[in-house]
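Down below is the structure, laid out as structure tokens.
All values reported here derive from a predicted model rather than from experimental measurement. Convention: sequence-line order gives letters A, B, ...; per-chain numbering from 1.
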Amino acid sequence: MDHDHYADTYIRDLLDEVKTIAVVGASANAARPSFFVVRYLAQKGYDVYPVNPGHAGKPIAGCMTYASLGAVPVAIDMVDIFRNSEAALGVVKDALALQPRPKAIWMQLGVRHDEAAALAEEHGIKIVMNRCPKIEFGRLSGEIGWVGVNSRVLSSKRATLHGKGFQQLGLASQRNKP
Amino acid sequence: MTSDHQPGFSTLAIHAGAQPDPTTGARVTPIYQSTGFVFDDVDHAAALFGLQSFGNIYTRIGNPTQAVLEERVAALEGGTACLAVASGHAAQLIVFHTLMEPGDEFIAARQLYGGSVNQFTHSFKKFGWTAKFVDMDDISAFEKAVTPRTKAIFIESLANPGGRVSDIAAIAAVAKRAGVPLIVDNTMATPYLCRPIEHGANIVVHSLTKFMGGHGNSLGGAIVDAGNFDWSREGRYPALCEPRPDYSGMVLHETFGNFAFAIACRVLGLRDLGPCISPFNAFQILTGIETLPLRMQRHCDNALKVANYLSQHGEVEWVNYAGLPGDRHHGLAQTYLPKGAGAVFTFGVKGGYEAGVAVVSNVKLFSHLANIGDTRSLIIHPASTTHRQLSDAAKKSAGAGPEVIRLSVGIEDADDLIADLAQALEVAAKA
């Protein structure tokens, strides 16, 4: 598939479908983007498993960290790669070795490895590259508009409250799907 | 609508940024006239203050009504993000506050709104920022003015008051070679007529008070981030590329990617300088923007009719309107403003100062006041008002000679506007 452009429905369905997310390369430094993503996704109700050998056994943003993908004790629905592009192929191979295999592999903004993507797609795994799940969740829920960012989404349907608190929007349920 | 379908300008003008309210179902964006917003819990508050979550804290930093306006303007300009502020002047202050350090310079076209020339020349001097002015038509002068301390180039797409058109792409190429962002004030054109980002601009600023709001009832300004400038160059733009001590060492360009400039303007400039837009004004401007495409086309059509009439009038010496085929900026207007050359222009009346005063004193529909971009037609004689304090020579070089009259043509019936000017010119000729 074309990895220069993703339809909003593709990203929304993917983020709707997954529940457990392993973030490979998550940082314990609260000023780093990877920390933000762990914290934000956890706040949105995903079960997040940071993977960082240097921080294994300690929490990041309240989520327990593991040394490797294989060490995560539950079935992982999505692997989010917070490493550079060169490292992506290795992470994808690790992900393919998981039982069961993840439904999706996501590479962060700036991370792209077409060969790794093709390999994963051969196994029926959905791929997103060079995007950030926090930005995409914020864009598709409408939250990102609160900081003036152009979501490029038009909708005449109510925004969906996430269910806890008022300053939390969720991904649209079925009624927002075209 | 499938997600691959790209909505048109008029659709964006009505829908971008605005969904029905999630709690009440209100279809029109409500006026959230509240200074503060409750946190869901302590963790949520911490995440908001740390810029780790999206949300509302305090109206000096952001407000839900303002946010809809921001997304709307970003969408219309084709930018990644926007920050709405109290006025066009506030927008410029925050943009330069984010880009500049004491001792830095920027290059600005000499042909700018007089208020901007004042701000750049006098107030900015107190921050240690120097504006170097060059002629907007002399591309090589922009090139020659670049020094290692140059941090930006600033132009107006359609310059106020002369109705002159900038060669945005040529100036953008100079900025790119110099490694600095091109800032374009798009107030007079609006994105309906011209989208500077498509021609290479990196930052677009607006006085939303003018044609965007369009009804002469609310002040506002905007900063649009094109998302196309690399802020990572070491030491160049410290606000974006160095760790922020006030955000536990976060580097803004790294964290916010292609909308980092808009975030920096909000969480540094607006946070600390304070010129936020009132939610009520944001609401009024949003309502105005919904009809921007209709109004702007009518403004331009009327302006062309009025300019044509004046150019053939015996009591008129000259007309400066890029929409007229003989005008020296007509070629650039066709490139950058194909739908119309805007609605603000100047003309010279025979009989000099006295005749100028007589025209503005005798109009019955045009309002004699210092604003532009209202539904109502406006008129001003700069030599006796906005430029009164200048010497005769300075008046002339500012385009405010004794015979000069500036019009902002409204959306009334063009025939009525022409009849009004006809009778005022007749009175002036007899005086």
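Between chain A and the residues Thr255(B), Asn56(B), Leu51(B), the most heavy-atom pairs under 4.5 angstrom are made by Asn56(B). Between chain B and the options Gly62(A), Ala31(A), Ala61(A), Ala30(A), heavy-atom pairs under 4.5 Å are most frequent for Ala31(A). Counting heavy-atom pairs closer than 4.5 Å to chain A, the top-ranked of the candidates Gly25(B), Gly227(B), Gly249(B) is Gly25(B). Ranked by heavy-atom pairs under 4.5 Å with chain A, the first of Gly79(B), Ala75(B), Pro64(B) is Ala75(B).
Among the residues in residues 257-276 of chain B, those with a non-hydrogen atom closer than 4.5 angstrom to a non-hydrogen atom of chain A are Phe259(B), Ile263(B), Arg266(B). Using non-hydrogen atoms only and a strict 4.5 Å limit, the part of residues 124-136 of chain A facing chain B consists of Lys134(A), Ile135(A). Proximity to chain B among residues 101-116 of chain A is not found for any residue, judged by heavy-atom separations below 4.5 angstrom.
In this structure, Gln167(A) contributes its side chain and Phe39(B) its backbone to no donor-acceptor pair below 3.5 Å. Looking at Gln52(B), its side chain never comes within 3.5 Å of a backbone N or O of Tyr40(A) through a donor-acceptor pair. Between the side chain of Gln19(B) and the backbone N or O of Lys157(A) there is at least one donor-acceptor pair closer than 3.5 Å.
Across all their heavy atoms, Phe36(A) and Gly50(B) have their closest contact at CZ-O, 4.0 Å. Nearest heavy-atom pair across Pro20(B) and Ser156(A) is CG-O, 3.3 Å. In plain terms, the two heavy atoms of Pro22(B) and Ala159(A) that are nearest each other are CB-O, 3.4 Å. Nearest approach of Gly145(A) to Ala67(B), heavy atoms of both residues: O-CB, 3.2 Å.
For the side chain to side chain contact (heavy atoms under 4.5 Å, CB included) with Asp40(B), the lone residue among Gln168(A), His162(A), Gln43(A) that qualifies is Gln168(A).
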Tell me, with the steps shown, if Asp225(B) and Val149(A) meet side-chain contact (heavy atoms from CB on, under 4.5 Å).
CA-CA 9 Å; Asp225(B) 186 346; Val149(A) 173; over 6 Å; no

Derivation and outcome, side-chain contact (heavy atoms from CB on, under 4.5 Å), residues Asp43(B) and Arg39(A):
CA-CA 10 Å; Asp43(B) 262 3; Arg39(A) 177 163 191 165; 4.2 Å; yes

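For Ser53(B), the parts sitting under 4.5 Å from any heavy atom of chain A are the backbone and the side chain alike. Heavy-atom distances place the backbone of Asp21(B), and not its side chain, under 4.5 Å from chain A. Heavy atoms closer than 4.5 Å to chain A are found nowhere in Arg72(B), neither backbone nor side chain. Looking at Ala84(B), there are no atoms closer than 4.5 Å to chain A (heavy atoms on both sides), in backbone or side chain. Residue contact with chain A, scored on non-hydrogen atoms closer than 4.5 Å, is absent for Val73(B). For Leu48(B), the part lying near chain A is the side chain, with the backbone staying farther off; criterion is any non-hydrogen pair under 4.5 Å. Proximity to chain A (any heavy atom under 4.5 Å) is shown, for Asn63(B), by neither the backbone nor the side chain. Proximity to chain B is limited to the side chain of Arg32(A), based on heavy atoms less than 4.5 angstrom apart.
For Arg83(A), the CZ atom sits in a loose shell: 12 or fewer heavy atoms of surrounding residues, nucleotides or ligands are nearer than 6.0 Å.
In this structure, the separation between OG1 on Thr24(B) and CZ on Arg158(A) is 7.0 Å, given to the nearest 0.5 Å.
Take Tyr49(A) and apply the ring pair (Phe, Tyr, Trp, His ring centres under 6.0 Å) test, not counting sequence neighbours, and it matches no residue.
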